Colleague: 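Dumping the structure here so I can ask a few things about it.
Along the sequence shown, residues carry numbers from 1. Only a predicted model underlies this, so the values are computations on that prediction, with no experimental measurement involved.
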Amino acid sequence: MKDKLLTSAYIWSFLSSFLMFFSFYLLLPILPIYLINHFDAGKSLAGIILSSYTITALFIRPFGGYLVDSLPRKLLLIICYCLFVAFFGGYILATTLFVFAILRALHGMAFGMVTISNSTVAIDVMPASRRNEGIGYYALSTNLAMAAGPTASLFLFDSLQNYTYVFMTSLIAGVIGIFCALMIKTVLLPVKKNTEPISLDRFFLMKGLPCALIFTLLSFSYGMLTTYVAIYGVDEVGLTTGTGMFFAIFSVGLISSRLLAAGLMKASKLNKVIFIGIALMIGSYGIFIFLKTAFSFYFSAFTLGVSYGYVFPAFQAIFINLATHNQRGTANSSYYISGDLGIGIGVLAGGYIADLSNYTTAYITGLVLVIIGGILYKGIGAGYYERNKLSE
C-alpha cells in the first residue's frame, strides 16, 4: 500500500511555509523602491542593505542546522517564526536608513533559522518512500507565495501609495503562519546528548560541497532577478506599468514545473531534472536580456519560472539524499547556505554593476555564471551525486 503524503501535518507545514514566504515576497519588489524614494539611497547602497538580509541569513544557517538537529524541532520552529514575524512591525517604526538597515540585517538571521526549521519539520512528516515527491510538492508553497506576494504588494502600493499597508499585510500573514505552525503534529523525541567531537560537518554537510558550489553559481542570477526585475522592466525594457505581473507569470511557471517534473522526481531522476532546468534557464535568460520587448519580458518570466522550479527542489532533494536521517537539519542548512550565498552576492553585485553600467550587464553576468554552473554539473556534480547518494 502506498504511503500517504497529504497528511494533516504535511498540509499545515505547507501552509506555514506559504505564509512565511508570502510575507517575505510581499516586501521584495517594493524594498529597492522604498529605500531609493523614502530614504534617498543610491542603487549600490540599496543593494548593500538588501543583501545584508541574505548575508546574515547565510551567517546563521550553519548554527541553525546544528540546532535543528540537536533541539526539539517544532519548539525551535515556533520560537524562530515568532521572531521572524516581529521584525515586520519594526519596519513600520524605522525612521532612519541606519535603523532600517540594522532591522533588515537582524531579520535575515530570523529568516535563516525559520526556513531551516520549517522545512526540516516538513521533511520529518513526509513518508520516506515519497520524500523526493514530497519535497517537490512542498516547494509549491514557495512558488505560490512568489506568485501572490509580489503581485499583492505592487497592487496594494499602486492602489494606496502607502508602504505601511504593505508592511502591515506581511505582519498579519506572518501571525497566521505561526498559527499554522502550531497545528503541525510531530512526534516529540527526547533530545539526545551528542558525544561526537565538534567538527565542520556538524555545521555544513561537507559531503554535499561539490553540489553546493554549483548551486551557488545557479543562485546568483536568481538574487538579481527577484530583486531588480521591476526596475529593469521600467528602465531598460520600457514598460510603464504591469511589472508586477512578471512575478505572477514567473510563479505560474514555477507551479507548472511541479507538474512537468513530478514524474521524474518520483522516478528519482534528479540529474535529468537539473539538466533540463539549466538548459531552459540559459535559453530563458537569453530572451530576457537580449530581446527587450513586453512579450519577451513576460514570456521569459514563465520559462524562467519553469527552469528554477526544476532546479531548486531537485538540489534540495540531492542534499537530503546525501545525508543520514540525523543530519537532515544540517543538509537543509547546507542547501540554504549555498542558495543564500549565490543570492546575496547576486543582489550585492547586481546593484554595484548597475551603478557602473546597467542592469543588462548585471543579468549577462548572471547568465555566464549559469552556463559555468551547467558545465560543472555535467562534468562533476551529476557523477558525484550518483556515487555518493545514500537514498532516494
Colleague: Provide the closest heavy-atom pair for Ala314 versus Ile274 in the form atom of the first, atom of the second, distance.
Modeller: CB-CG1, 3.7 Å
Colleague: If two hydrophobic side chains count as joined below 4.5 Å and joins carry through other members, does Trp12 share a cluster with Ile79?
Modeller: no
Colleague: Determine the minimum heavy-atom distance between Ala148 and Phe18, stating which atoms define it.
Modeller: CB-CZ, 4.5 Å
Colleague: Considering only Ile, Leu, Val, Met, Phe, Trp and Tyr, and joining two whenever side-chain heavy atoms are under 4.5 Å apart, list the other residues clustered with Tyr352.
Modeller: Leu356
Colleague: Using side-chain heavy atoms (C-beta onward) and a distance below 4.5 Å, is Leu304 in contact with Phe250?
Modeller: yes
Colleague: Is a donor from one side chain sitting under 3.5 angstrom from an acceptor on the other, for Thr360 and Lys292?
Modeller: yes
Colleague: Does Ser17 reach the main-chain N or O of Ser13 with its side chain, forming a donor-acceptor pair under 3.5 Å?
Modeller: no
Colleague: Please identify which of these residues, Ile30, Ile49, Asp40, meets the side-chain contact (heavy atoms from CB on, under 4.5 Å) condition with Leu35.
Modeller: Ile49
Colleague: Mind checking whether Phe215 and Ile318 have side chains closer than 4.5 Å, heavy atoms only?
Modeller: no
Colleague: Donor-acceptor check, side chain of Tyr81 to backbone of Ser16, threshold 3.5 angstrom: yes or no?
Modeller: yes
Colleague: Is there a path of hydrophobic side-chain contacts, each under 4.5 Å between heavy atoms, that joins Leu67 and Leu75?
Modeller: no
Colleague: With side chains defined as the heavy atoms from C-beta onward, is the minimum distance between Leu144 and Ser251 less than 4.5 Å?
Modeller: no
Colleague: May I ask whether Ile255 and Phe247 are part of the same hydrophobic cluster, defined by side-chain heavy atoms of I, L, V, M, F, W, Y residues being less than 4.5 angstrom apart, directly or through others?
Modeller: yes
Colleague: What distance separates Phe84 CZ from Met109 CE, expressed to the nearest 0.5 Å?
Modeller: 14.5 Å
Colleague: Same cluster for Phe59 and Leu348 if Ile/Leu/Val/Met/Phe/Trp/Tyr side chains link at under 4.5 Å?
Modeller: no
Colleague: Does the side chain of Ser23 pick up a donor-acceptor pair with the side chain of Ser170 at under 3.5 Å?
Modeller: no
Colleague: For Ser8 and Met183: C-alpha separation, side-chain torsions, deciding distance, then whether side chain to side chain contact (heavy atoms under 4.5 Å, CB included) applies.
Modeller: CA-CA 9 Å; Ser8 61; Met183 297 299 292; over 6 Å; no
Colleague: Could you tell me the separation between the OG atom of Ser338 and the OH atom of Tyr336, rounded to the nearest 0.5 Å?
Modeller: 12.0 Å
Colleague: Any side-chain heavy atom of Phe111 within less than 4.5 Å of one from Thr56?
Modeller: no
Colleague: Can you check whether Asn388's main-chain N or O pairs, donor with acceptor, with Lys207's side chain at less than 3.5 Å?
Modeller: yes
Colleague: Between Phe157 and Tyr165, is the gap from one ring center to the other below 6.0 Å?
Modeller: no
Colleague: Report yes or no: do Leu27 and Leu45 belong to one cluster of Ile/Leu/Val/Met/Phe/Trp/Tyr joined by side chain heavy-atom distances under 4.5 Å?
Modeller: yes
Colleague: With side chain to side chain contact (heavy atoms under 4.5 Å, CB included) as the criterion, how do Ile184 and Leu77 come out once you've worked through the C-alpha distance, each side chain's angles and the decisive distance to 0.1 Å?
Modeller: CA-CA 11 Å; Ile184 302 170; Leu77 167 61; 4.2 Å; yes
Colleague: Answer yes or no: is there a donor N or O on one side and an acceptor on the other, between the side chain of Thr216 and the main chain of Gly342, under 3.5 Å?
Modeller: no
Colleague: Apart from Ile287 itself, which Ile, Leu, Val, Met, Phe, Trp or Tyr residues share its cluster (side-chain heavy atoms under 4.5 Å, direct or through members)?
Modeller: Leu291, Phe295, Phe299
Colleague: Tyr53 and Phe24: aromatic ring centres closer than 6.0 Å?
Modeller: yes
Colleague: How far apart are the closest heavy atoms of Phe288 and Ser300, and which atoms are they?
Modeller: CD1-OG, 3.4 Å
Colleague: Does Tyr308 have any side chain to side chain donor-acceptor pair (under 3.5 Å) partners at least two apart in sequence or in another chain, and if so, which?
Modeller: Ser221, Tyr285
Colleague: Can you tell me how far the CZ atom of Phe312 sits from the OH atom of Tyr335, to the nearest 0.5 Å?
Modeller: 6.0 Å
Colleague: Is the distance between the ring centroids of Tyr34 and Phe167 under 6.0 Å?
Modeller: yes
Colleague: Check whether Tyr310 reaches the backbone of Met281 with its side chain - one donor and one acceptor, N or O, closer than 3.5 Å.
Modeller: no
Colleague: Measure from the side-chain N and O atoms of Ser334 to the backbone N and O of Leu205, and report whether any donor-acceptor pair falls under 3.5 Å.
Modeller: yes
Colleague: Are His107 and Phe88 packed together at the side-chain level, in the sense that at least one heavy-atom pair is separated by less than 4.5 angstrom?
Modeller: yes
Colleague: Answer yes or no: is there a side-chain heavy-atom contact under 4.5 Å between Tyr91 and Arg104?
Modeller: yes
Colleague: Set out, in order, the CA-CA distance, both residues' side-chain angles and the distance that settles side chain to side chain contact (heavy atoms under 4.5 Å, CB included) for Phe87 and Leu106, then state yes or no.
Modeller: CA-CA 8 Å; Phe87 279 100; Leu106 293 174; 3.6 Å; yes
Colleague: Could you tell me whether the side chains of Tyr138 and Asn118 share a donor-acceptor contact shorter than 3.5 Å?
Modeller: yes
Colleague: Residues in side chain to side chain donor-acceptor pair (under 3.5 Å) with Thr164, at least two apart?
Modeller: Asn162
Colleague: Looking only at heavy atoms, which two atoms of Ala101 and Ser52 are closest? And how far apart?
Modeller: O-OG, 4.3 Å
Colleague: Taking only residues at least two apart or on different chains, which pairs with a member in residues 335-345 satisfy salt bridge (Lys or Arg N to Asp or Glu O under 4.0 Å)?
Modeller: Arg61-Asp340
Colleague: Within the structure provided, determine whether Leu341 and Ser219 are in side-chain contact (heavy-atom separation under 4.5 Å).
Modeller: no
Colleague: Would you kindly say whether Ser296 and Thr293 are connected by a side-chain donor-acceptor distance under 3.5 Å?
Modeller: yes
Colleague: What distance do Leu218 atom CG and Ile371 atom CD1 have between them, rounded to the nearest 0.5 Å?
Modeller: 11.5 Å
Colleague: Of Thr330, Thr115, Asn332, which is the lone residue that meets side-chain hydrogen bond (donor to acceptor under 3.5 Å, both in side chains) with Thr120?
Modeller: Asn332
Colleague: Would Phe319 and Ile337 count as a side chain to side chain contact (heavy atoms under 4.5 Å, CB included) here? Give the steps.
Modeller: CA-CA 12 Å; Phe319 277 93; Ile337 287 170; over 6 Å; no
Colleague: For Ile282 versus Leu367, what's the shortest heavy-atom pair and its separation?
Modeller: O-CD1, 3.8 Å
Colleague: Just by modelled atom types, is the Lys185 backbone N or O under 3.5 Å from a matching donor or acceptor in the Lys74 side chain?
Modeller: no
Colleague: Test your reading of the model: is there a side-chain donor-acceptor pair from Tyr363 to the backbone of Met224, 3.5 Å cut-off?
Modeller: yes
Colleague: Considering all heavy atoms of both residues, which atom of Tyr359 and which atom of Gly350 are nearest to each other, and what is their separation?
Modeller: CE2-O, 4.1 Å
Colleague: Calculate, to the nearest 0.5 Å, the distance between atoms CZ and CG belonging to Phe21 and Leu28 respectively.
Modeller: 11.5 Å
Colleague: Think Lys378 forms a cation-pi with Phe275, using NZ or CZ under 6.0 Å from the six-ring centre and within 45 degrees of its axis?
Modeller: yes
Colleague: Are the side chains of Thr227 and Leu50 in touch, meaning some heavy atoms are under 4.5 Å apart?
Modeller: yes
Colleague: Please list, chain by chain and in numerical order, all residues satisfying side chain to side chain donor-acceptor pair (under 3.5 Å) with Thr361, sequence neighbours excluded.
Modeller: Ser357, Asn358
Colleague: Would you compute the distance between atom CG of Leu322 and atom CE of Met206 and round it to the nearest 0.5 angstrom?
Modeller: 13.0 Å
Colleague: Just checking Tyr377 against Phe315, ring centres under 6.0 Å apart?
Modeller: yes
Colleague: Do Thr7 side-chain atoms and Tyr10 backbone N/O form a donor-acceptor pair below 3.5 Å?
Modeller: yes
Colleague: Looking at Val99, is its backbone amide N or carbonyl O close enough to the side chain of Thr96 to form a donor-acceptor pair, meaning the two atoms are under 3.5 Å apart?
Modeller: yes
